[in-house]
Every structure is written in structure tokens, then in C-alpha cells.
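Just below is one structure, and these are the notes that go with it.
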Amino acid sequence: MFHSAKDTMITKEQALPGRDTHIPTADVHFLSNRPLDLSVPEGMEVAIFGMGCFWGVERLFYQLDGVYLTMVGYLGGFTPNPTYEEVCTGKTGHNEVVRVVFDPAKISYDTLLQHFWEGHDPTQGMRQGNDRGTQYRSGIYTFSDAQTEAAEASRALYAHRLRRAGYGAVTTEIEPAGPFYFAEDYHQQYLAKNPTGYCGIGGTGVTCPIGLAV
């Protein structure tokens with residue numbers, strides 16, 4: 001996951017053309033054996049987060065009680081059905097993201113946001129640690145007004161806590177979720193298949209104050 005990439009977002013006109021066909025991916029989740037598709041069981045909800053290398057991000061979320069299914073892919077760019085190699089050039093505009101299907105009766109969206117904020121450093125711009133490029137930017141991609149409001153409120157709270165701890169401005173983007181493109185088979189649940197594999201994410205040690213006094 002050490003590919004170089006541009007640190008500045010490209011425009012739609014600069015983006016690679018992509019393709020009309022989907023990139024092949026895994027049929028089932030490596031851990032749960034549930035179908036790896038975009039369906040959402042009744043009563044479940046969806047959240048999407050970008051916070052650096054999606055291998056470590058996916059592991060963070062699939063370990064949580066109440067998370068039904070996770071999958072990694074690309075979102076937030078211009079190129080249809082991009083490959084990993086294309087995303088890593090910085091010429092698709094996409095972010096590496098994790099799509100989380102969760103049971104709100106068992107885990108709240110606010111709890112997912114807490115893990116998002118505490119699991120990475122959202123002040124680093126187009127990178128996380130040694131991973132540099134637009135595909136490593138911090139992002140929350142929402143599916144409803146309620147999710148957007150919760151995400152924006154949590155960003156303001158955490159930005160305040162980070163400033164008190166000496167960190168710079170939060171660079172996390174919050175946008176309505178656009179098309180999600182599955183990453184290739186070998187990326188799905190990568191660290192479950194390769195427990196000693198590379199994980200580039202790391203938090204600041206600053207707790208997220210959702211539900212707490214700031």
C-alpha cells in the first residue's frame with residue numbers, strides 16, 4: 001500500500017476513462033460467508049468511511065458487534081469501475097473506503113463515528129501516516145440528512161478536542177455517498193486472510209466526545 005499518488009484532487013476532465021464493466025471481486029465475505037453484494041437486509045443501515053488504507057479500516061469495523069457486513073472499494077471520484085492500480089495513480093479521484101452494513105438496534109451510527117474519528121488522524125489532508133495520496137483522505141459519505149447532521153456535529157466536537165490537544169484543522173470531507181465500486185477480490189477482508197499484513201492506520205489518542213462533555 002505504498003504507491004505514490006498526487007496530493008491534489010484532479011478534475012473530472014483529467015480523470016481516467018475507466019470502463020463499463022465491474023471489476024471482479026469476491027463472492028462472499030471471508031469471515032461471515034455472507035454474500036458480498038450491495039443488498040441491505042431489512043432493518044439494516046449503511047455507512048461508508050474513508051480513513052487511510054482500507055485493509056486496516058475494514059478490520060476496525062468488522063470486529064464491532066452489530067456490524068453485519070463490510071466490504072472495501074472506491075468512492076468519491078470520477079472514473080467508472082476503476083482498478084486499484086488506477087486509483088493509486090491519483091488520476092481517478094477516488095478514495096479507498098469501507099462500506100459498513102450495520103444493525104442500528106445493536107450499534108448506533110454515532111458509535112461508528114466514534115470509531116471512525118478515534119481510528120485515524122483526520123488532520124493529515126491527503127495522507128495517513130506514510131501513505132500519501134488523494135485515495136487516503138479522510139471522508140464520511142452519508143445516506144440521509146440524519147447521517148449528515150450526525151457526521152457534521154461529530155466533526156465539530158472532535159475538531160474542538162483535537163485543537164485542545166495541539167492538532168491542526170480537521171480535513172475530513174463529509175459528502176453524500178456516490179457510486180461505490182468494489183475493490184478486487186484480494187483486498188476484501190485482507191487482514192483476516194493475512195493477519196500479519198500491513199496496516200497503515202493509527203489514531204491520535206484523542207477520544208471522540210460524542211455523548212461526552214467537550
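Atom CD1 of I10 is separated from atom OG1 of T89 by 7.5 Å, given to the nearest 0.5 angstrom. Note that CE of M51 is 10.0 Å distant from CD of E118, once rounded to the nearest 0.5 Å. Here M126 contributes atom CE and Q135 contributes atom CD; the two are 10.0 Å apart, rounded to the nearest 0.5 Å. Of the inter-residue distances, the one linking I107 atom CD1 with L112 atom CG reads 4.5 Å to the nearest 0.5 angstrom. Note that the CG atom of N194 and the CD atom of Q189 stand 11.5 Å from one another [nearest 0.5 Å]. Distance check: H115 NE2 to D110 CG gives 11.5 Å after rounding to the nearest 0.5 Å.
Residues Y181 and H94 are in side-chain contact: their nearest non-hydrogen atoms beyond the backbone lie under 4.5 Å apart. For the pair I174/R155, a side-chain contact is recorded, criterion being any heavy-atom separation below 4.5 Å from C-beta on.
When hydrophobic residues (I, L, V, M, F, W, Y) are linked wherever their side-chain heavy atoms come within less than 4.5 Å, the members clustered with F182 are L36, L38, V40, M44, V46, I48, Y68, L69, M71, L75, V97, V101, Y141, F143, F180.
N130 and Y136 share no donor-acceptor pair across their side chains, judged by distance under 3.5 Å alone. Between the side chains of T204 and Y158, at least one donor N or O lies within less than 3.5 Å of an accepting N or O. Using a 3.5 Å distance cut-off with no hydrogens or angles, the side chains of T207 and R161 do pair a donor with an acceptor.
Closest of all the heavy-atom pairs between G66 and K106 is CA-CB, 3.7 Å. The minimum heavy-atom distance between T123 and L162, with the atom names listed, is CG2-CD1, 3.9 Å. Closest of all the heavy-atom pairs between V206 and A165 is CG2-CB, 3.7 Å. What you find for T142 and A151 is that their closest heavy atoms are CG2-CB, 4.5 Å. Closest approach of G200 to D131, counting heavy atoms only: CA-OD2, 4.1 Å.
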Starting from the C-alpha separation in whole Å, work towards a yes-or-no answer on side-chain contact (heavy atoms from CB on, under 4.5 Å) for C199 and L191. CA-CA 8 Å; C199 174; L191 291 178; 3.9 Å; yes
Derivation and outcome, side-chain contact (heavy atoms from CB on, under 4.5 Å), residues Y109 and F102: CA-CA 9 Å; Y109 186 64; F102 66 101; 4.1 Å; yes
Can you list the steps and then say if W55 with H187 is a side-chain contact (heavy atoms from CB on, under 4.5 Å)? CA-CA 7 Å; W55 294 347; H187 290 299; 3.0 Å; yes
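Q128 pairs by the side chain to side chain donor-acceptor pair (under 3.5 Å) definition with nothing, not counting sequence neighbours. Scored by the ring pair (Phe, Tyr, Trp, His ring centres under 6.0 Å) test, Y74 finds F54 as partners (sequence neighbours excluded). Residues that satisfy the ring pair (Phe, Tyr, Trp, His ring centres under 6.0 Å) test with F78, not counting sequence neighbours, are absent from this structure. When the side chain to side chain donor-acceptor pair (under 3.5 Å) test is applied to Q124, the partners found at least two apart in sequence or on another chain are D121, R127. By the side chain to side chain donor-acceptor pair (under 3.5 Å) test, S138 is found to be paired with H120, T172, residues two or more places apart in sequence or in another chain being considered. Not counting sequence neighbours, the partners of L31 by the side-chain contact (heavy atoms from CB on, under 4.5 Å) test are H29, Y62, A192. By the ring pair (Phe, Tyr, Trp, His ring centres under 6.0 Å) test, Y167 is found to be paired with no residue, residues two or more places apart in sequence or in another chain being considered. For S108, the side chain to side chain donor-acceptor pair (under 3.5 Å) partners two or more places apart in sequence, or in a different chain, are T111.
Ring-plane geometry between Y84 and Y186 is classed as perpendicular, the angle between the planes exceeding 60 degrees on a 0 to 90 degree scale with a lower cut at 30.
In this structure, the ring of F49 has its center less than 6.0 angstrom from the ring center of F61.
For residues 178-199, the pairs satisfying salt bridge (Lys or Arg N to Asp or Glu O under 4.0 Å) are D185-K193, with sequence neighbours left out. Among residue pairs with one or both ends in residues 39-53, those qualifying as side chain to side chain donor-acceptor pair (under 3.5 Å) are D37-S39; sequence neighbours excluded. Sorted by first and then second residue, the pairs that involve residues 8-25 and meet salt bridge (Lys or Arg N to Asp or Glu O under 4.0 Å), not counting sequence neighbours, are R19-E86.
Salt bridge R132/D7: present, at least one basic N to carboxylate O contact under 4.0 Å.
Judged by distance alone, with hydrogens and angles left aside, the side-chain atoms of Q14 form a donor-acceptor pair with the main-chain N or O of T11 at under 3.5 Å. A donor-acceptor pair is defined here as one N or O able to donate and one able to accept, closer than 3.5 Å; such a pair exists between the side chain of N95 and the backbone of R137. In this structure a side-chain-to-backbone donor-acceptor pair under 3.5 Å is missing from T134 to G93. For E173 (side chain) and I140 (main-chain N/O), no donor-acceptor pair under 3.5 Å exists by modelled atom type.
Residues V98 and I23 fall into different hydrophobic clusters, defined by Ile, Leu, Val, Met, Phe, Trp and Tyr side chains chained together at heavy-atom separations under 4.5 Å. The hydrophobic clustering, which links ILVMFWY residues whose side-chain heavy atoms are closer than 4.5 Å, places V87 and M9 apart.
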